[in-house]
Amino acid sequence: MFEALGAALWLITDPMVWLAIVTGTALGIVIGAIPGLGSIIGITICLPFTFVMGQMPAIALLLSVYCGSIYGGSIAAILINAPGTPQSAATVLDGFSMTKLGKPGHALGWATAASVFGGLFSCVVLILLAPQLAAFALNFGPVEVFALICLALTCIATISRGSMIKGLLAGAIGLWCGAVGSDPISGDLRFTFGYFPLSAGFDLVSMVVGLFALSEVFSRIAGERAEAGAVPAFSRMTLPSLGEWKGRLGVLLKSSVIGSVIGVLPGTGAATAAFISYAEAKRTSPRGDGFGKGEPDGIIAAESANNAVTGGALVPTLALGIPGDAVTAIMLSTLIIQGITPGVRLMVENPDIVYASFIVLIIINIAMLLIALATIRAIAFALKAPEAIIFTLVVFFCVVGSYGVRSSMFDVMTMVAAGIVGFLFRYFHVPIAPMVIGLVLGSQMELSLRQALVITDGDATLFLTAHPIALVLFIVTALLLAKPILLGLRRPRENTA
């Protein structure tokens, strides 16, 4: 082990590794902050450069872009109500609310601190528990993933309190939008109405960008949200003091654990982790009533979870050769191109590469903090531009980002349509977040359910009798759904007494 660790330290002394870390992290933050781009596009842009790089510089570049882009999405989410990436959709709920309260620097500080902690926490998990977590992930088949997503969908009810009917309606619309296109098992087309571009379904990036970013622009133009105004002026990012963390460390640690565990499970992802953590934090936090109104706990939960996914997603990628999400699938191909074969033999055949990757991931999260502190003044200066210019650029990047995912004008039209829907939701005070949750989780839930039914020959009772992990998750889901009903029955008795 010590010999491999020494070799790993020697590998990261290469100046090209450090150049890749700094450049990749900065580029990732910028790409993540531009609505509609995100991790996959950022890594795809950098992929050709890795063909002429050494093994460690190539790995460092892709890891840097990956981590930086997930954090960068929070910047646009907080400052202009436009999540730069789908992973940052949950951050909008309290991040932009805090900005409207005149505290954008504080919101960015909470997001940055939580992001760095979540990333470093996942690094520790990756180093200490990679083999054990990889073995645990093998226990999660389609039935268990379906049960987990059912649990995640309960956050629709959590977020919709105060307008439950509207929230459930928005969630149902999101689930329906996720079902448009080809059947995941048979390939049959559904809800396309004979229009061929719909056969590929609605692109998630285009939908999220339209629902949040473009609808915000439409609302400003229509004057429906005069109270929003321009982004409040700020000159620096204010990191929370140690005293401000009092009573919030539990949320930070719990959300980091959730993000790390969900990252290990193939096919889930950071957006799922962020919404599950947000719902759990809202349920357990003593400040839960303030969620959606600029509560730091909401930012902490979302950002620590989605950044903790980065290390967790590398567990199945390195230890099993199974990509944890679409981004790590691209990384997997890069490793193979570089002559590295991920899987159970990786720790035996290339331990120096593995340990060097762990160290690089730690350095990236520290670099992310330093780069954010160094560039925040430039961001603040840019936001002093007239609102008309800022939102013209927002629309431009929305169009470019939506088109760039699949090089399709249909995705641009989807983004515009989603923007109109989002504007109508705002006008009639329908929460947007449940629709996004339905979009993010709907297609994954259907695929897992269909696969599970194939495995069990259509016998859904086996979900409960033959899969103990799924049974536990279903019981937790049922308890969470029953809790409001039980509390409602209990209150009249207490009043009678």
Side-chain angles (χ1 to χ4, degrees), residues 90 132-133 135-161 164 167-172 174-176 178-179 184-185 254-255 257-284 288 301 305 309 312 316 324-325 433-490:
Q132 294 86 343
L133 287 175
F136 173 72
L138 291 177
N139 294 320
F140 268 72
V143 177
E144 288 76 15
V145 172
F146 171 69
L148 178 65
I149 294 176
C150 287
L151 175 61
L153 282 173
T154 61
C155 66
I156 290 179
T158 303
I159 292 174
S160 302
R161 287 177 182 170
M164 185 67 71
L168 293 176
L169 176 62
L175 289 171
W176 177 80
I185 301 297
K254 183 193 299 181
S255 300
V257 171
I258 291 173
S260 298
V261 172
I262 291 179
V264 171
L265 306 178
T268 48
T272 302
F275 279 116
I276 290 178
S277 296
Y278 187 88
E280 174 61 18
K282 181 177 173 65
R283 185 181 67 84
T284 59
V309 166
D325 55 19
M435 182 174 176
V436 176
I437 295 170
L439 272 169
V440 171
L441 302 180
S443 58
Q444 296 177 10
M445 182 181 73
E446 182 189 9
L447 177 60
S448 300
L449 174 61
R450 298 289 297 278
Q451 290 175 334
L453 289 173
V454 169
I455 291 172
T456 59
D457 291 327
D459 186 0
T461 59
L462 292 177
F463 291 9
L464 304 177
T465 58
H467 298 268
I469 295 177
L471 176 61
V472 172
L473 292 173
F474 282 130
I475 291 173
V476 173
T477 301
L479 291 174
L480 290 177
L481 291 176
K483 182 180 177 181
I485 300 174
L486 296 176
L487 289 176
L489 293 174
R490 183 180 177 183

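Positions are given from 1 along the sequence. The basis for the numbers below is simple: all heavy atoms, side chains too, and nothing from hydrogens, waters or symmetry mates. Keep in mind that what you see is a predicted model, and the values were worked out from it rather than measured.
- Partners of Ala170 by side-chain contact (heavy atoms from CB on, under 4.5 Å), not counting sequence neighbours, listed by chain and number: Phe425, Val430, Pro434, Met435.
- Side chain to side chain, Lys254 and Thr284 meet the donor-acceptor criterion of an N or O pair below 3.5 Å.
- Looking at every heavy atom in both residues, Val143 comes nearest to Ala470 through CG1-CB, 3.7 Å.
- Under the rule for a side-chain contact (heavy atoms from CB on, under 4.5 Å), the partners of Leu447 that lie at least two apart in sequence or sit in another chain are Pro184, Ile185, Gln451.
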Got a list of side-chain donor-acceptor pairs under 3.5 Å for residues 453-464, not counting sequence neighbours?
from, atom 1, to, atom 2, distance (Å)
Thr456, OG1, Ala452, O, 2.9
Thr456, OG1, Asp459, O, 3.4
Asp459, OD1, Thr461, N, 3.2
Asp459, OD1, Thr461, OG1, 2.4
Asp459, OD2, Thr461, OG1, 3.2

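- Screening residues 435-451 for salt bridge (Lys or Arg N to Asp or Glu O under 4.0 Å) gives Asp183-Arg450, Arg190-Glu446, Glu446-Arg450 as the qualifying pairs, with residues at least two apart or on separate chains.
- Remark: Thr465 pairs with no residue by the side chain to side chain donor-acceptor pair (under 3.5 Å) rule, at least two apart or across chains.
- Judged as a salt bridge (Lys or Arg N to Asp or Glu O under 4.0 Å), and not counting sequence neighbours, Glu144 has no contacts.
- Nearest heavy atoms, Gly259 versus Ala273: CA-CB, 4.0 Å.
- Closest approach of Ala301 to Ser277, counting heavy atoms only: O-CB, 3.5 Å.
- The two residues Gly438 and Leu175 make their nearest non-hydrogen contact at O-CD2, 3.7 Å.
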